Structures are given as structure tokens and as C-alpha cells.
Amino acid sequence: MPPVDDLPEQLRVRRDKRARLLDGGTDPYPVSVPRTASLAEVRERHAGLAAGEETDDVVSVAGRVVFQRVTGKLAFATLQDGDGTRLQVMLSLAEVGADALAAWKADVDLGDIVSATGRVIQSKRDELSVLASAWQMATKSLRPLPVLHKETSEETRVRQRYVDLIVRPEARAVVRTRAAVVRSLRTSFDALGYLELETPMLQTLHGGAAARPFATHSNAFDIELYLRIAPELFLKRAVVGGLDRAFEINRNFRNEGADSSHSPEFAMLEFYEAYADYDVMAARTRGLVQAAARDALGCAEGAEVAVLADGSEYDLSGEWTSLSMYPSLSEALGTEVTPATPRADLVGHAERLGLGVKPTASAGKLVEELWEHLVGDHLVAPTFVRDFPLETSPLTKSHRSVDGVVEKWDLYVRGFELATGYSELNDPVVQRERLEAQARLGAAGDDEAMPVDEDFLRAMEVGMPPAGGVGMGIDRLLMALTGLGIRETILFPLVKPEA
RNA sequence: GCGCUCCUAGCUCAAUUGGCAGAGCAGCUGACUCUUAAUCAGCGGGUUCUGGGUUCAAGUCCCAGGGGGCGCACCA
């Protein structure tokens with residue numbers, strides 16, 4: 001902070017006012033101020049007063065000043081609560097006295113938080129108001145509020161979310177919707193008999209997903225640690241231990257690109273259920289998402305339709321369509337593709353479509369990329385895409401009847417991947433082979449390949465019951481339900497430091 | 001990481017071909033006892049993102065850097 005002399009005029013003026021209050025013996029930041037009711041409570045209690053009607057109900061309210069209208073002997077201010085509720089405060093010379101009115105005019109700026117005490121009345125122009133007999137500064141704001149009638153820049157919204165929350169109703173709404181979604185998920189899991197677990201965020205090996213990790217260091221143990229990219233390997237250990245229905249909602253960290261649907265840290269839901277398979281998990285997932293739409297958006301059962309930020313509607317109700325990866329890719333490509341299709345043919349298809357082919361890409365990876373390009377990018381309605389190539393899913397059980405694919409689905413919603421579900425691999429010998437193959441990829445330079453986690457394999461050797469598992473991005477669930485970009489669903493998303 | 005584009009008053013934005021940096025809101029002073037983004041009159045407020053360069057003259061053109069947005073790549 002530069003010296004006071006160099007501050008912009010408006011910041012200096014407010015600092016001067018703060019100093020003047022202190023000089024006059026008034027604390028601009030008192031420990032407490034009178035407050036007997038929230039603004040919403042006053043509105044609720046006195047709904048429907050006639051214009052000009054006065055009550056004897058004396059209340060003390062507090063809120064941030066968002067508008068001021070000052071006439072000679074009568075001043076109006078609109079206070080705003082944290083939930084966005086607004087209420088008018090009136091200060092009339094006759095009611096509050098000359099000194100208090102003069103002090104108000106001299107000391108109160110937009111953005112200050114004030115307390116006012118007085119009778120609840122309806123103004124002559126029909127606005128519910130507190131007619132103050134006394135007022136007190138609760139918090140002097142030293143920074144001017146942005147204009148309330150134009151959107152702040154996207155950068156200010158994200159960098160100064162505290163301002164965004166004051167100024168933009170939609171910002172307040174997202175926070176509440178997100179909390180309602182998470183609460184709904186917990187309620188759903190509770191009803192299904194699931195236990196909520198917390199597993200390590202700091203891990204000695206990064207496993208459970210294909211992603212580059214953030215690395216860090218433990219001073220106490222003098223070892224390298226990774227911020228987790230997924231909780232999967234620990235939740236499976238929990239299932240081995242008999243926690244048959246387990247879920248975790250917590251942060252994952254992936255050291256990769258950031259855009260409108262990717263954040264370096266993101267909230268992940270994973271849940272595992274013993275004696276279930278990927279079909280059961282698909283049904284569970286649909287149930288969770290639809291319940292979240294009901295609980296957070298107020299949809300009726302069977303009518304789970306989200307109204308998105310752009311005003312369009314998105315229907316999440318009923319059964320969702322399913323399609324299989326290889327057949328749907330074959331159809332889109334106009335030629336048969338199976339797990340037996342030679343890699344060279346797949347490379348040919350990719351090149352013909354103008355897709356870049358990494359030399360290290362396996363046949364399975366190429367199938368996934370072709371599928372995403374030709375089919376996935378065009379999916380709008382909620383769709384389960386089933387039966388993935390084996391090579392790209394090292395933790396998933398091979399399909400019970402189709403050779404060369406695994407029992408994995410991806411749930412696509414509005415064109416992005418919302419969740420992924422599996423029949424979990426529990427054959428420890430096959431699991432070891434798969435992880436060792438991953439390790440060879442890692443040694444060959446694939447920085448997303450998983451290392452061999454011996455303790456995880458030991459747990460598998462103890463024996464995990466047949467189980468289904470699902471991972472779902474919480475931020476993405478919010479995106480699906482609101483139509484917002486990922487950074488709008490996260491209260492304080494990571495941003496580059498200001499210069 | 002690559003390409004395109006933007007960055008001007010506290011906030012949102014304007015500034016013609018390179019020719020005196022402006023508006024609305026906000027702030028300050030004054031008027032006003034029923035306003036609703038109050039109104040009216042007057043006044044102040046600028047490192048035009050940073051650093052170089054071209055030019056008589058740069059917000060504007062050129063180079064380098066920082067930050068934002070969009071697209072591509074990677075990822076969920």
C-alpha cells in the first residue's frame with residue numbers, strides 16, 4: 001500500500017473519514033452494534049403494509065449501504081444483507097435529530113456497514129423502511145463499491161470475489177446452489193447407507209488417474225510427496241477393509257491446463273459400492289444427479305430440468321441414453337472398428353480427420369480420441385458411453401462378455417464428461433500386470449502413467465469384494481446444473497498473481 | 001505451450017487518419033422532509049498495464065514483458 005498521500009482521491013477521502021470518526025471519539029469498527037433482526041426477518045414480519053402505514057415495532061437492523069438518497073432534512077439509504085435482501089432506512093430530522101443526521105451525511109459512504117434502530121414503517125411512496133431514531137457505523141469501508149448497475153470485469157469477479165458477492169446476485173446464488181448440491185449428495189448417500197471418508201491428499205505415489213501431479217516436500221520425513229490426483233487407491237483399500245459403501249467429497253489437484261472446464265484444483269466425488277457393478281453405479285449416478293437437481297434447483301420429481309445461465313433449458317429427467325464406444329465410433333466413421341482393429345488403421349483414420357497423433361498413443365487411446373472427436377463432442381443430452389478400450393483403463397475389470405474392452409462408462413452431459421464409472425478390477429495378479437505396464441509407459445516418457453503402488457497391490461491381494469466405483473466432478477455437476485464455466489462455480493478459483 | 005484479442009479516472013466505457021485524454025455512475029461543495037440507480041448547480045480526480053523505440057507530436061504505430069478473454073493442444 002503506497003503512502004496515504006499517493007492514494008487515489010476516493011480512497012484518501014474514506015481514510016480521512018475514518019480518522020475523523022476516531023478523533024471524534026467514534027469507533028469506526030465497534031465490537032458490536034445493535035441488531036435485533038435480519039433485513040429478511042423485517043420484510044417477512046411486515047409484509048403487506050399500506051403506503052404511509054406506521055407500526056410500533058422497533059427493530060435494530062444492520063447492513064451494507066448500497067444506495068443513498070439524501071435530501072435536506074430527510075435521508076434514505078438502502079441496506080443490503082449478505083443474502084442480498086435489501087431494506088430501506090430513513091433518517092428524518094424530526095425523528096433522529098440534527099446531530100445524528102449531520103453525522104450520517106458527513107460520515108456514511110456507499111459500501112459502509114451501518115446499524116439503524118427505529119420503528120418499522122411503510123413510506124409514503126410505499127417502501128418498507130426502518131425510520132431511524134438512532135444509527136451507528138458498524139464498519140467503515142475504505143474502498144468504493146463498483147457501480148451496482150454494470151457488471152464488473154470478469155477478472156475483478158474472480159480476483160475480488162468478496163466484491164462480486166456484494167455486487168452480483170448471480171454470484172451469491174451460485175454459492176448457495178453449490179452448497180445445496182453438496183448437501184443433496186450427502187443426503188442421498190446417507191439414505192443409501194454410504195459412509196463419508198477422508199483419505200490422504202498428500203501421497204507418496206500419485207495414482208488412480210492419468211494426470212500429472214503437483215509435487216511437494218515433507219520436511220519432517222524428508223521425502224517427496226504429491227498432492228493427490230485421485231482418492232481411488234485409498235478408497236479401494238477402504239473397501240478391502242470392509243467399508244462396503246464409501247464416498248469422499250474432496251479436492252483433487254492436477255498439474256495440467258486450465259480452461260473453462262478445467263481447474264488445477266477441483267472438487268471430486270468418488271464412491272465405491274461392494275457387490276455392485278458399473279450398471280448399478282450408472283443407476284446410482286443418475287439418481288444422485290437428479291436428486292441434486294430437485295434439491296438445489298427446486299425441480300419436481302420426474303421433471304428435473306435445469307434453467308441455465310443463458311436462459312436455455314437442459315433436461316436431466318427420466319432414463320438417460322446409453323451407447324457403446326466401438327459400435328458408435330464405427331457408425332460415425334462409416335467403417336467397422338473393434339478392439340482388434342490394427343493400430344495402423346486407427347492412425348490412418350485419425351490423420352484423415354486431421355487429428356494430431358502422438359507417437360506414443362496406443363490403439364485404445366486412438367479409439368478414445370477418434371470417439372471424442374466424432375461422437376463425444378456432439379453429445380448434448382445426458383449419455384452413458386460404455387465399454388472402453390482396455391489399455392487406457394488400468395484399474396477396470398475386463399468386460400464379462402466382450403473381448404478387448406473394459407466395464408467402464410463415461411457420462412457426457414452438455415458435451416463434457418461429468419462422471420466415469422467402473423466395474424472395479426479386483427484380480428490382484430491382473431492388477432499388477434496392468435500397473436507394471438503403466439510403469440513401463442512411465443519409464444518410456446509418459447508423464448501421466450501411474451507408478452506401481454505396492455501397498456495398494458498388497459491390499460488387492462488381501463482381497464477386494466466385487467465392486468463398482470464412480471468419480472464425478474462436483475464443479476462439473478454445478479456446470480451441468482447452472483450452465484456456468486468452472487471458474488464461476490468455484491468460489492475462489494486459482495488465478496495468476498497480479499503483477 | 002501456440003495463435004488471436006483486450007488492458008484508459010474508484011467502477012463501466014469513449015477518444016476519427018498519430019494532433020489539447022472525455023462521459024455516466026462514484027467522490028467533494030451547496031440546495032432540497034418521501035426518495036427508489038433521487039434530483040438540481042458547481043468542483044476535483046489520470047504512471048492511458050510496465051519498459052524500451054519511431055516521430056515535431058504516441059492512449060493510438062513498432063519491439064519486449066505482465067495480466068485478462070477467446071480458440072487450439074493436453075486433461076476430467
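Only a predicted model underlies this, so the values are computations on that prediction, with no experimental measurement involved. Each chain gets a letter, A, B and so on, in the order its sequence line appears, and its residues count up from 1.
- Side chain of A:His149, nearest nucleotide from B:A37, B:A38, B:C34: B:A37.
- The pair A:Glu95-A:Arg119 meets the salt-bridge criterion, with a side-chain N (NZ, NE, NH1 or NH2) lying under 4.0 Å from an Asp/Glu carboxylate O.
- Listed candidates were B:U12, B:A76, B:G67. Nearest to the side chain of A:Glu155 is B:G67.
- Among the protein residues, A:Ala210 comes within range of the sugar-phosphate backbone only, with heavy atoms under 4.0 Å from sugar or phosphate atoms but none that close to a base.
- A:Asp164 and A:Gln160 share no side-chain donor-acceptor pair at under 3.5 Å.
- Between A:Lys496 and B:G67 there is a side-chain polar atom (N or O) within less than 4.0 angstrom of OP1 or OP2.
- Within 4.0 Å (heavy atoms only), A:Arg159 reaches sugar-phosphate atoms of the nucleic acid but no base atom.
- Within the nucleic acid shown, A:Ser123 comes within 4.0 Å of at least one base atom, counting heavy atoms only.
- When heavy atoms are screened at a 4.0 angstrom cut-off, A:Glu127 is found touching base atoms of the nucleic acid.
- Geometrically, A:Arg254 does not engage A:Phe266 in a cation-pi contact defined by less than 6.0 Å to the ring centre and at most 45° from the axis.
- At the heavy-atom level, A:Asp109 lies under 4.0 Å from the strands shown only through sugar-phosphate atoms.
- Comparing atom distances between the A:Glu9 side chain and each of B:C34, B:G44, B:A73 picks out B:G44 as nearest.
- A:Gln88 comes within 4.0 angstrom of a nucleotide base, judged by non-hydrogen atoms across all strands.
- In this pair, A:Trp320 and A:Phe384 present their aromatic rings tilted. The plane angle is within the 30 to 60° band.
- Counted by atom type alone, A:Thr78 and A:Arg69 present one or more donor-acceptor pairs between their side chains at under 3.5 Å.
- Side-chain proximity of A:Leu110 to B:A38, B:G27, B:A76: nearest is B:G27.
- Using a 4.0 Å heavy-atom criterion, one finds that A:Phe416 contacts no nucleic acid atom at all.
- Checked against B:U33, B:C74, B:A76, the side chain of A:Glu369 finds its nearest nucleotide in B:C74.
- Taking the C1' atoms as reference points, B:G67 lies 16 Å from B:U48, given to the whole Å.
- A:Val70 comes within 4.0 angstrom of a nucleotide base, judged by non-hydrogen atoms across all strands.
- For the P atom pair drawn from B:G53 and B:A58, the interatomic distance equals 12 Å after rounding to whole Å.
- Residues A:Arg64 and A:Ser141 bring no donor and acceptor atom of their side chains to less than 3.5 Å of each other.
- A donor and an acceptor atom sit less than 3.5 Å apart, one in the side chain of A:Gln10 and one in the base of B:G10.
- The residue A:Met90 sits close to a base: some heavy atom pair falls under 4.0 Å.
- Side-chain proximity of A:Pro144 to B:C11, B:A26, B:U33: nearest is B:A26.
- Comparing B:A23 with B:G3, their C1' atoms sit 35 Å apart, to the nearest whole Å.
- Within 4.0 Å of A:Val147, counting heavy atoms only, lies at least one base atom of the nucleic acid.
- Of the candidate nucleotides B:G27, B:U36, B:G69, B:G69 has the atom lying nearest to any side-chain atom of A:Arg487.
- Using modelled atom types, one side-chain atom of A:Tyr29 and one backbone atom of A:Lys140 make a donor-acceptor pair closer than 3.5 Å.
- Distance check on atom C1': B:A21 versus B:U8 gives 8 Å, rounded to whole Å.
- With salt bridges taken as basic N to acidic carboxylate O contacts below 4.0 Å, none links A:Glu198 and A:Arg251.
- Side chains of A:Val59 and A:Glu41 form no contact here, defined as non-hydrogen atoms less than 4.5 Å apart.
- When the side-chain nitrogen and oxygen atoms of A:Ser153 are compared with OP1 and OP2 of B:U12, one or more of them lie within a distance under 4.0 Å.
- Taking only side-chain nitrogens and oxygens, A:Lys17 comes nearer than 4.0 Å to OP1 or OP2 of B:C28.
- Within 4.0 Å (heavy atoms only), A:Ser261 reaches at least one base atom of the nucleic acid.
- Contact annotation for A:Arg476: base contact, defined as any heavy-atom pair under 4.0 Å involving a base atom.
- A salt bridge links A:Arg386 with A:Asp279; the closest basic N to acidic carboxylate O contact falls under 4.0 Å.
- If you check B:A76, B:C11, B:A37 against the side chain of A:Thr152, the one that comes closest is B:C11.
- Residue contacts shown for A:Ser263 include a base, since a base heavy atom lies under 4.0 Å away.
- In this structure the side chain of A:Leu477 reaches within 4.5 angstrom of the side chain of A:Leu418, judged on heavy atoms.
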Protein-nucleic acid N or O pairs under 3.5 Å, nucleotides 3-8 of chain B:
none

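- With pairs defined as Watson-Crick or G-U wobble and both atom distances under 3.5 Å, the stems of at least three pairs that touch RNA chain B come out as B:1-7 with B:66-72, B:10-13 with B:22-25, B:27-31 with B:39-43, B:49-53 with B:61-65.
- B:A26 sits 11 Å from B:G45 when the C1' atoms are compared, rounded to a whole Å.
- A:Leu395 has its side chain out of reach of A:Tyr422: every pair of non-hydrogen atoms, C-beta onward, lies at least 4.5 Å apart.
- Residue contacts for A:Leu93: at a heavy-atom cut-off of 4.0 Å it reaches a base atom on one of the strands shown.
- Note on A:Lys150: every side-chain N or O is 4.0 Å or more away from OP1 and OP2 of B:U12.
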